[in-house]
Amino acid sequence: MQGLEKLMLEKANALLQSGEVDRVIGWKKGESYYDVSPATFTKDNLEGFVYNCFCGANLSKYLVAESKKEGKMLVFLKPCDTYSFNQLLSEHRIEKEKFYVVGVGCNGHLDMNKVYAQGVEGILSMSEDENNLIVETVYGQKIVEKESALLIKCLTCKSKEFAVADETLVVGEMKPANPNRFEEVEKLESMTEAERYAFWKEQLSKCIRCNACRNACPACTCINCVFDNNASGISAKANADEFEEKLFHIIRAYHVAGRCTDCGECSRVCPQNIPLHLINRKVIKDINENYGDYQAGAEVNARNPLVNYTKADVEAKEVVEGGNK
Amino acid sequence: MQEIEKNQKKPLIVAFCCNWCSYAGADLAGSSRLSYPAEVKIIKVPCSCRVNPIFILKAFQRGADGVILCGCHPGDCHYSEGNYRTRRRMGLLFSMLNYFGIEKERTRIEWVSAAEGAKFSAVMNDFAKTINELGENRRLEDLRCKD
Amino acid sequence: MHRIGVFVCHCGSNIAATVDVERVSNALAHEPGVVHSVNYQYMCSENGQQLIKNAIKEHNLSGIVVCSCSPRMHEATFRKTAEAAGLNPYMVEIANIREQCSWIHKDVEEATEKAIVLARTAVAKLTLNKPLVAGETGVTKRALVIGGGIAGIQAALDIADAGYEVDIVEKNPTIGGRMAQLDKTFPTLDCSACILTPKMVDCAQHEKINIYSYSEVDKVKGFVGNFKVTIKKKARYVDETKCTGCGVCMTNCPSKKGLNSFNMDLNTRPAIYIPFAQAIPNVAVIDPEQCIKLKSGKCGLCSMKCGANAIDYKQQDSFVEREYGAIVVATGFKPISLENFNEYGYADNKDVITSLELERLMNAAGPSKGTLVRPSDGEHPHVITFIQCVGSRDVSGCGKPYCSKICCMYTAKHAMLIREKYPDTQVNVFYIDVRTPGKNYDEFYRRAVEQYGVNYIKGMVGKVYNENGKLMVQGSNLIDNEQVTIASDLVVLATAIEPDPSVKDLATKLTISIDTNNFLTEAHAKLKPVECATAGVYLAGVCQGPKDIPETVAQASAAASKVIGLLAKDKLKGNPCVAHANEMTCTGCSQCAEVCPYGAITYENKEFRIGGGKTEKRRVASVNPAVCQGCGACTVTCPSGAMDLHGFSSAQILKEVEAICKR
Amino acid sequence: MNNDMQLKSLIEMSATDVRKCMKCGKCSGRCPAFKEMDIKPHQFVTLLGQGKVEKLLASKAIWNCLSCLACVERCPRGVAPANVIEAVRTTVARMQGGDGITAEEIPAEVNEMIPQQLLVSAFRKYKK
């Protein structure tokens with residue numbers, strides 16, 4: 001990873017120096033190795049630029065605001081993030097001319113909670129190699145296998161292709177994508193209605209309506225969210241009732257239906273660990289099975305299945321039944 | 001005695017009908033005196049594709065026990081393709097609701113032409129029967145909206 | 001604040017017998033916003049409307065709810081009433097307490113309760129109604145007639161005579177349609193060509209009529225008053241402007257094996273041909289399937305012989321875009337395929353023919369020059385047997401469930417003509433019923449029996465088989481309760497007719513509806529027989545249902561008068577219930593434009609102030625209210641809820657949902 | 001069994017809607033056994049429609065019908081005259097009691113060779 005970070009930094013410097021770009025968006029190191037957050041950089045200030053195994057955040061969402069600014073920006077996108085970028089292009093939320101896209105290699109990023117869960121305590125510093133996270137703690141050195149601490153979204157990685165990139169920086173071979181990303185959805189589908197109801201009731205009752213999922217989602221870029229808009233008839237700031245827990249997530253999933261690229265940011269950022277990606281992924285599965293395979297963001301200006309139809313489409317009932325096979 | 005009757009609340013069914021086919025079908029059911037339960041209440045929309053998922057969720061929230069959408073038969077939409085869009089949208093919505101454990105029988109789409117008064121009545125009778133058997137909607141209700 | 005008036009109609013006893021109207025009006029009087037609530041015997045009557053008008057003025061009402069029959073019946077009436085009293089017509093809501101309540105429920109308690117809910121729902125919606133003003137659009141003063149048969153010809157002539165330009169699009173190389181193929185017409189036995197061809201010539205010579213022959217409608221955009229139609233002119237390989245119709249090319253063409261479709265494939269024609277002598281336009285066309293030059297590159301004889309230098313082997317399909325205010329569909333019919341009826345032996349015996357084939361065999365310009373001969377050996381047939389209802393009134397799935405309507409009369413015509421011209425011929429007709437309603441129609445049929453001695457046998461034919469060169473027609477004689485077998489020389493099948501297959505595609509392009517038999521659906525079976533549900537599109541001829549020539553002509557003239565009425569207007573009032581985008585929340589994502597069936601949505605980069613003296617440019621949607629038809633597809637697709645529909649706003653519908661669910 | 005019940009039973013056994021008949025006579029026009037029948041195929045349909053049970057049960061034509069189903073195949077209205085004939089035949093056979101031949105009476109050597117349909121009719125018709 002360090003090798004890639006160096007290449008990225010060089011690329012950023014070169015493009016900034018040549019005037020090809022005015023700004024850079026990437027990840028910035030905070031207090032500690034795992035405290036990484038998206039940040040913008042300029043020519044004179046590339047301080048703290050980092051690309052390590054904790055750079056799971058999808059930078060695409062930030063580009064909606066950045067696209068409005070003057071000048072051109074260099075953006076580093078992991079394969080899965082490139083789909084979001086294309087989707088935003090399709091929806092005219094960003095302009096391609098405003099960005100220089102550098103695709104960066106990815107072997108999955110880590111979930112710090114999973115590192116803690118392995119009994120890591122008293123951290124002094126961290127480093128990493130290809131397969132391991134090396135943690136120096138007050139108790140000595142601790143080796144954490146990267147495979148064991150992957151983010152949910154990386155466990156079910158959908159693609160290692162760059163859907164868009166002006167150039168790519170990849171060191172070594174990327175590990176292949178996971179072909180079985182619908183396994184968990186299928187498990188839910190095979191339950192009875194009552195079991196599914198109980199499952200989601202338990203999960204969604206944890207929701208504190210912090211809006212993290214909405215704020216991180218690259219498909220949630222409305223100027224005024226319906227939940228904040230009193231004219232919408234469903235605005236609410238908190239889940240006052242069990243119904244509203246469901247309403248928020250059903251509407252949100254439907255809102256991004258056909259547009260969700262399955263980037264997994266919703267689940268990554270949920271402080272309550274609600275498996276929100278399972279809602280969006282159900283829609284994707286239904287689309288694939290009933291209306292033909294579709295990957296949002298794979299192509300710019302592709303017609304989203306929800307604005308499309310064929311005369312031979314199955315009846316709604318069959319879509320419901322199909323999932324319960 | 002009155003207590004019991006009050007407790008056995010009749011189910012409530014909201015039917016969204018497109019102006020051109022299904023609403024006319026309902027009119028025909030009426031003029032042919034083909035009855036269906038009074039718990040079915042119709043809301044007229046220009047086309048089935050005007051029905052936003054929010055309307056359906058709102059109906060359940062407010063205490064509806066079943067929601068049915070009626071539109072022109074595929075291929076006969078007054079706006080040529082609205083009902084094809086409805087079919088996809090509602091396929092995904094109904095599937096999602098069922099994924100959340102909401103009984104799949106509570107939501108339905110039927111294609112009823114302006115000439116199918118008998119079908120309209122039959123569909124509503126059947127849907128009301130299904131909802132009656134299913135009982136009150138408990139999984140997508142808002143207790144604040146109940147008396 | 002709202003000042004709503006509620007008017008509950010008794011509809012005589014139609015509503016009042018099952019709904020306690022007094023209770024409804026009393027209950028509604030207490031609804032928030034309602035300041036006036038009454039009931040009356042007939043709200044739609046002159047007195048009822050006056051009552052509403054008075055109340056609007058007296059109570060200064062901001063909107064009215066009429067609890068009555070279906071809005072499909074009287075919404076327009078009450079809107080006019082409101083407008084006459086100075087209220088915006090869109091501040092009117094109807095609670096349908098007849099079709100949806102009193103007519104389907106028997107229990108007074110139950111029906112009254114429901115009527116109150118329906119009325120409350122209408123009041124709830126009305127509190128969010130906004131006065132709407134319909135936009136106006138101009139009218140393109142030109143009509144398009146699709147199909148150049150007698151229906152299209154008549155419609156075009158009528159419209160053109162009223163002073164409006166008309167284009168006829170005909171898929172064949174000539175206009176004339178099916179009528180041009182007929183020999184004589186019932187019940188007068190006029191020669192079909194003698195009455196049709198002058199009308200064809202009128203079309204060609206009329207300064208307001210423009211004929212696109214050998215052309216098809218490719219695309220249709222727009223709406224009533226403002227259609228944009230792309231017409232595909234198929235390559236005919238002959239320059240229309242140069243060809244004089246002299247026919248030299250035809251006599252010189254070495255490829256003469258193509259089947260002559262004008263003669264129902266009974267004989268052949270050259271690869272370059274003029275369909276028939278009186279064709280309009282009288283211009284040759286090359287059949288690319290038969291032309292040696294087009295297939296192999298060798299030949300070119302017609303080009304060498306053409307004095308007008310009109311042959312153009314390189315001609316391509318071309319497209320023209322034209323604007324129209326109104327469209328008449330007159331695409332006509334074809335006889336059904338007989339593949340499901342092998343009991344009649346049509347495929348196996350050359351001497352089993354359809355009635356349309358017989359027309360060509362009897363026509364002086366036909367393959368046998370008007371002498372009735374057997375197709376197999378050219379001999380004169382002595383026993384001819386007609387079978388009626390072949391494929392009509394058939395619900396088994398093999399044929400058509402409807403009566404084709406014209407067969408009884410043309411069969412009587414054929415029988416009569418044959419008996420007159422060849423008195424030595426025996427003519428039998430197997431029939432189920434003889435249906436001859438129409439002026440002088442039954443008299444005509446009786447003449448065939450009484451004067452010409454045609455042998456009508458009540459009963460259907462079970463099978464036709466060939467025995468030693470004779471066609472054995474075995475069928476029932478129900479009157480005598482016998483089974484008869486008639487050895488015949490020629491068998492004529494009165495084949496069912498069906499709409500021309502091109503109509504299916506066309507219906508999609510025009511967004512007009514089509515029934516299970518592929519007949520186009522009129523807007524109202526009784527009161528709007530030539531209109532379509534899509535405004536500005538009218539129907540004429542068999543595309544709408546089986547009919548004979550006089551009916552077709554009458555319908556064509558009716559359609560023409562509707563077109564003339566439309567084109568006479570300078571402005572059309574639109575439907576104000578159209579979509580509109582909220583620019584404050586629109587993100588310009590383009591989803592709405594993708595679902596709009598009318599292309600009514602466009603985008604612009606608009607500059608908005610964002611505070612601090614700054615501005616920003618944002619892409620926002622804008623709806624053309626003249627093009628939008630108000631389906632609402634965009635409102636649901638819009639991810640940010642920026643798109644809404646006047647008259648059916650999300651807030652209104654949610655309010656209705658709440659009102660219905662309140663208990 | 002009274003007349004009404006018999007009629008009801010015949011209608012039920014026929015399992016065809018005789019009201020759909022438009023009296024075109026195509027069934028009789030097609031029937032290969034027409035000449036031998038005292039009541040013609042189309043009449044079976046009409047008589048059942050009129051409820052003339054006695055006339056139907058007295059018919060000899062039920063023993064002439066070949067069950068070739070030509071009448072069913074070509075009916076434009078989807079009526080099945082052969083069903084009516086079969087219903088009458090079965091009713092008559094039942095009324096006559098068990099005097100048909102039984103399966104055991106079929107000689108083993110011909111059993112293999114004869115078609116099913118013929119066998120079933122033989123059970124019913126033999127010794128009528």
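We use all heavy atoms of the structure for the numbers below, so side chains are in, but hydrogens, waters and symmetry mates are not. We name chains A, B, ... by the order of the sequence lines, and we start the count at 1 in each one. Bear in mind that the values here come from a model prediction, so they are computed numbers and not experimental data.
- The 12-atom threshold is exceeded at NZ of A:K206, counting heavy atoms of other residues, nucleotides or ligands nearer than 6.0 Å.
- Nearest approach of A:Y254 to B:P53, heavy atoms of both residues: CE2-CG, 3.3 Å.
- Two residues are said to be in side-chain contact when any heavy atoms from C-beta on lie closer than 4.5 Å; B:L140 and A:F243 meet this criterion.
- If you measure heavy-atom distances from A:V226 to chain B, you find no contacts under 4.5 Å at all.
- Under the side-chain hydrogen bond (donor to acceptor under 3.5 Å, both in side chains) rule, A:Y309 has a single partner from B:R85, B:E81, B:R88, which is B:E81.
- Around the NZ atom of A:K201, the shell of radius 6.0 Å holds no more than 12 heavy atoms that belong to other residues, nucleotides or ligands.
- Every residue two or more places apart in sequence or in another chain that forms a side-chain hydrogen bond (donor to acceptor under 3.5 Å, both in side chains) with A:N230 is listed here: A:S235.
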Inset, instruction - Applying side chain to side chain contact (heavy atoms under 4.5 Å, CB included), run through B:Q61 and A:L247 and close with a yes or a no. - result: CA-CA 9 Å; B:Q61 178 192 25; A:L247 179 77; 5.6 Å; no
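- Taking NZ from A:K246 and CD from B:E141, the interatomic distance works out to 8.0 Å, rounded to the nearest 0.5 Å.
- Between B:S95 and A:K282, the closest side-chain pair of non-hydrogen atoms falls below 4.5 Å.
- Taking the ring axis of A:Y197 as reference, the NZ or CZ atom of B:R139 stays within 45° of it and closer than 6.0 Å to the ring centre.
- Heavy-atom distances place no part of B:L69 under 4.5 Å from chain A, backbone and side chain included.
- Interatomic distance, CG of A:D286 versus CZ of B:F94, reported as 13.0 Å (0.5 Å rounding).
- From B:I102, atom CD1 reaches atom CD1 of A:I250 across 6.0 Å, with rounding to the nearest 0.5 Å.
- Here A:E244 is the residue among A:H249, A:E242, A:E244 with the most heavy-atom pairs under 4.5 Å with chain B.
- Dense packing is recorded around CD of B:E105, with more than 12 heavy atoms of other residues, nucleotides or ligands lying under 6.0 Å away.
- Judged purely by distance below 3.5 Å, without hydrogens or angles, the side chains of A:E189 and B:Y99 never pair a donor atom with an acceptor atom.
- Side-chain contact annotation: B:N98 with A:R196, donor-acceptor N/O pair under 3.5 Å present.
- At a 4.5 Å heavy-atom cutoff, the contact between B:L57 and chain A is made by backbone and side-chain atoms alike.
- Only the side chain of A:L204 comes within less than 4.5 Å of a heavy atom in chain B; its backbone stays farther off.
- Taking CD1 from A:I251 and CD1 from B:I54, the interatomic distance works out to 4.0 Å, rounded to the nearest 0.5 Å.
- Contact annotation for A:A253: both backbone and side-chain heavy atoms come within less than 4.5 Å of a heavy atom of chain B.
- A distance of 11.0 Å separates CD in A:E245 from CZ in B:F100, rounded to the nearest 0.5 Å.
- Contact count against chain A (heavy-atom pairs under 4.5 Å) is highest for B:L93 among B:I109, B:T86, B:L93.
- The most heavy-atom pairs under 4.5 Å with chain A, out of B:R89, B:R108, B:K58, come from B:R89.
- A pairwise comparison of heavy atoms in B:Y84 and A:T310 identifies CD2-O, 4.1 Å as the closest pair.
- Counting only distance, with no hydrogens or angles, the side chain of B:E103 and the backbone of A:E193 share no donor-acceptor pair below 3.5 Å.
- In this structure, chain B has heavy atoms under 4.5 Å from both the backbone and the side chain of A:N308.
- In terms of non-hydrogen atom pairs under 4.5 Å with chain B, the most contact-rich of A:L188, A:V185, A:D241 is A:D241.
- Atoms CD1 and CG, from A:I234 and B:N52 in turn, are 8.0 Å apart once rounded to the nearest 0.5 Å.
- Interface remark: A:K317 contributes no atoms to any contact with chain B (heavy atom separation under 4.5 Å).
- Using a 4.5 Å cut-off between heavy atoms, A:A194 touches chain B through backbone and side chain atoms alike.
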